[in-house]
Participant: 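My questions will all concern the structure given below.
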Amino acid sequence: MTHLTLYNTRTRAKAPFVPLDPANVRAYLCGPTVYDRAHIGNARNVVIFDVLIRLLRRLYPKVTYVRNITDVDDKINVRAKERGVSIEEVTAGPIRWYHEDMGALYTLPPDIEPRATAHIPEIIEIINKLILNGHAYEAEGHVLFSVSSDPEYGKFSGRTLDELIAGARVDVAPYKREAGDFVLWKPSTPDLPGWESPWGRGRPGWHIECSAMSWRHLGENFDIHGGGDDLIFPHHENEIAQSCCAFPGSHFANVWVHNRMLLVNGEKMSKSLGNFLVLHEVLEKAPGEAVRLMLMRAHYRQTLDFSDAGLMEARKELDRFYRALELHHGVEPAKTVPEEVMDPLLDDLNTPGALAGLHALADQAIAGDAQAAAEMRAAGDVLGLLNMTPEVWFAGGIDDAVKALAESRVAARKAKDFAESDRIRDLLLKDHGVIIEDGLGGTYKLRKA
RNA sequence: GGUCCGGUGGCAGAGUGGUGAUGCAGCGGACUGCAAAUCCGCGAAUGUGGGUUCGAUUCCCGCCCGGACCUCCA
């Protein structure tokens, strides 16, 4: 297989990926709303999209990857009010954490990381177009999108307007003409952040910022739009409605890539169950690369159960990969990604299949094949794995005192004082969490347990 | 209720209309002072009942079970 195939939520089918402009593939990922630490679900989303971006960069000369930051929303406003600070002060920390946490997972930064607050003029411009087109109306200081004005509305997420209205679970605001109408712009009271607009001082609704930022940075039409599958409705349905109605004749994103939600130890992650896994805390328990591999162990369109046991297995898999690389010290990455890894990835990002391919390469490398080791490095580049040397992976952070202790065991072994030798080995493991592996001729290696 | 997805060895998890990947765990052996790692080998699975077919885990239908979404959650 030499061509990338992706499942497209819009068509509910897999199809060969055909870029609008092969000289510049344009992709957009719905980024974080920055009011708190990122959780493990955010991480899956970003890691999967990262693999897609890395793969696209192997296939096309240029890829423009845009991932927004939503830095104005009601949750942010609530926190700002609670603390008596500006929304900038609320979002600064979460933005920094987000970059740190995603960096720890070896995800590449986006080429452009636009912020909602820096795109208010674009937001206002789109809303203006929608009003002029008859797709939006003003009511009591709000501007609302009229879903019945868009015959395409609901098609993306596979629902009808009747269903939407019948199924509405929330109280319908009195100023809405129809229950399904959603807010594009809402008024701000003096104590809330706001921007001047033709409809008075206010702030954007939830969905409009993605329409504005993708338009500004990628154009009316672009190639790929990603996100968690919980965003299919209403967020993406509404983005499509806004953008396509504001720019008649456009189709917005060509291909929609949605990852499934994940479970935590078999249960849905939710605050009420108390199993909400904050990425930062997971990273304290396991190396970032192990967390990343764990997130790639299931296909992105399958439910993934993020368990402690799975995390440990992910670490052991990496141990095996690095052991294979250790035998071929300093090997450079091969120029091309071997097909046993590339083919599964080209088939709708089959990361478990790619990992199986990586294990097959590890078998060969362990058997002495240096080319296989070089190919492992190339595969690691596209998967975002094997980012360090085996030495750092196994022994990084082991301090000198522990190393000296291990060294003291050499003499004991040489004198065949195995009681002492074993005592030191136990000590290393129990007190310092370090495993010692003996090699030939009195050599040994240390690794973190 | 509506829409959609899934049920594969002990666990995790792919693929496939024709003797079911891969990893972890387990078992036997080699190696080792003993371990660890590595190597060789072993056992072990397609929820259930029908249908289509020469042949179904794969396609179709029913049933059972689990999950997701249905207005601010990635």
Side-chain angles (χ1 to χ4, degrees), chain A residues 9 12 29-33 38-49 70 73-75 147 154 157-160 162-173 176 179-183 205-207 226-235 237-238 258-263 266-271 276 293-294 297-299 301-305 307 309-310 312-317 319-321 323-324 326-327 340 344 347 350-360 362-363 366-367 394 413 416-419 421-422 425-426 429 435-440 444-445 447 449:
Chain A
T9 305
R12 316 269 161 174
L29 178 66
C30 280
T33 299
H39 57 70
I40 193 70
N42 297 301
R44 180 184 201 191
N45 185 219
V46 176
V47 165
I48 290 299
F49 213 72
T70 296
D73 111 316
D74 285 345
K75 284 191 284 285
V147 293
S157 58
R159 8 196 134 215
T160 65
D162 290 346
E163 278 170 14
L164 291 171
I165 292 163
R169 300 191 297 194
V170 294
D171 293 336
V172 178
K176 286 188 183 183
D181 292 353
F182 57 91
V183 172
W206 174 34
H207 317 292
D229 74 356
D230 57 336
L231 295 183
I232 293 172
F233 188 88
H235 187 54
E237 183 77 60
N238 292 358
H258 289 99
N259 62 280
R260 273 274 182 78
M261 302 292 97
L262 53 72
L263 303 175
E267 290 181 310
K268 185 185 173 176
M269 187 166 71
S270 74
K271 283 176 177 161
F276 214 82
L293 191 146
M294 169 81 214
R297 292 179 85 214
H299 185 85
R301 288 189 289 110
Q302 292 297 145
T303 304
L304 167 69
D305 188 2
S307 65
M312 289 306 106
E313 284 186 27
R315 226 194 106 178
K316 287 182 179 177
E317 285 192 59
D319 280 346
R320 183 172 147 73
F321 295 147
R323 247 175 231 127
E326 201 169 31
L327 298 170
E340 50 266 69
D347 183 12
N350 182 352
T351 50
L355 290 171
L358 196 52
H359 277 291
D363 286 341
I366 288 168
F394 288 119
R413 283 196 79 215
K416 298 206 185 304
D417 183 354
F418 296 121
S421 159
D422 290 351
R425 183 166 64 193
D426 289 349
L429 180 59
I435 291 169
I436 188 162
E437 295 180 358
D438 293 325
L440 294 171
Y444 64 89
K445 280 186 304 205
R447 63 176 235 258

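So that the names make sense, note that chain A is the first sequence line, chain B the second, and so on, each numbered from 1. Quick caveat: nothing in here was measured; it's all calculated off a predicted structure.
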Participant: With pairs defined as Watson-Crick or G-U wobble and both distances under 3.5 angstrom, please note down RNA chain B as a dot-bracket string, | for pairing with another strand.
Facilitator: (((((((..(((.....[...))).(((((.......)))))....(((((..]....))))))))))))....
Participant: With sequence neighbours left out, write down each residue that passes salt bridge (charged side-chain N to carboxylate O under 4.0 Å, His left out) with Arg413(A), or none if nothing qualifies.
Facilitator: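 Arg413(A): salt bridge (charged side-chain N to carboxylate O under 4.0 Å, His left out) contacts with Asp438(A).
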Participant: For Ala324(A), which residues count as a side chain to side chain contact (heavy atoms under 4.5 Å, CB included) partner, sequence neighbours excluded?
Facilitator: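 In terms of side chain to side chain contact (heavy atoms under 4.5 Å, CB included), with neighbours along the sequence ignored, Ala324(A) is linked to Ala362(A), Ala365(A), Ile366(A), Met376(A).
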Participant: Could you write nucleotides 9-16 of chain B as a row of B, S and -, 5' to 3', where a protein heavy atom under 4.0 Å of any base atom gives B, of only sugar-phosphate atoms gives S, and otherwise -?
Facilitator: ---SSSS-
Participant: Can you name the residues that form a side chain to side chain contact (heavy atoms under 4.5 Å, CB included) with Glu326(A), not counting sequence neighbours?
Facilitator: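 Checked Glu326(A) against side chain to side chain contact (heavy atoms under 4.5 Å, CB included); matches are Arg323(A), Pro390(A), Phe394(A), Lys445(A).
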Participant: Checking Thr33(A) now: which residues fulfil side chain to side chain contact (heavy atoms under 4.5 Å, CB included) with it, not counting sequence neighbours?
Facilitator: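 Partners of Thr33(A) by the side chain to side chain contact (heavy atoms under 4.5 Å, CB included) criterion, ordered by chain and then number, come out as Tyr35(A), Thr70(A), Asp73(A), Ile76(A).
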Participant: Asn42(A): which residues meet the side chain to side chain contact (heavy atoms under 4.5 Å, CB included) condition with it, sequence neighbours left out?
Facilitator: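 If we apply the side chain to side chain contact (heavy atoms under 4.5 Å, CB included) test to Asn42(A), skipping adjacent residues, the hits are Ala38(A), His39(A), Met102(A).
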Participant: I'd like to check the side chain to side chain donor-acceptor pair (under 3.5 Å) partners of Ser307(A); sequence neighbours left out, ordered by chain and number.
Facilitator: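 Partners of Ser307(A) under the side chain to side chain donor-acceptor pair (under 3.5 Å) test: none.
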Participant: Considering residues at least two apart in sequence or located in another chain, which fulfil the salt bridge (charged side-chain N to carboxylate O under 4.0 Å, His left out) criterion with Arg44(A)?
Facilitator: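 Once residues adjacent in sequence are excluded, Arg44(A) has no partner under the salt bridge (charged side-chain N to carboxylate O under 4.0 Å, His left out) criterion.
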Participant: Under the rule for salt bridge (charged side-chain N to carboxylate O under 4.0 Å, His left out), what residues qualify as partners of Glu340(A), not counting sequence neighbours?
Facilitator: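 Partners of Glu340(A) by the salt bridge (charged side-chain N to carboxylate O under 4.0 Å, His left out) criterion come out as none, since no residue qualifies.
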Participant: Check if the side chain of Arg425(A) and the base of rC34(B) share a donor-acceptor pair of N or O atoms closer than 3.5 Å.
Facilitator: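 Check passes, donor-acceptor contact within cut-off.
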Participant: Can you list everything that forms a salt bridge (charged side-chain N to carboxylate O under 4.0 Å, His left out) with Asp417(A)? Sequence neighbours excluded, please.
Facilitator: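 Once residues adjacent in sequence are excluded, Asp417(A) has no partner under the salt bridge (charged side-chain N to carboxylate O under 4.0 Å, His left out) criterion.
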Participant: Please enumerate all protein N or O atoms sitting under 3.5 Å from an N or O of nucleotides 25-29 of chain B, with distances to 0.1 Å.
Facilitator:
unit_1, atom_1, unit_2, atom_2, d
rA25(B), OP1, Lys316(A), NZ, 3.3

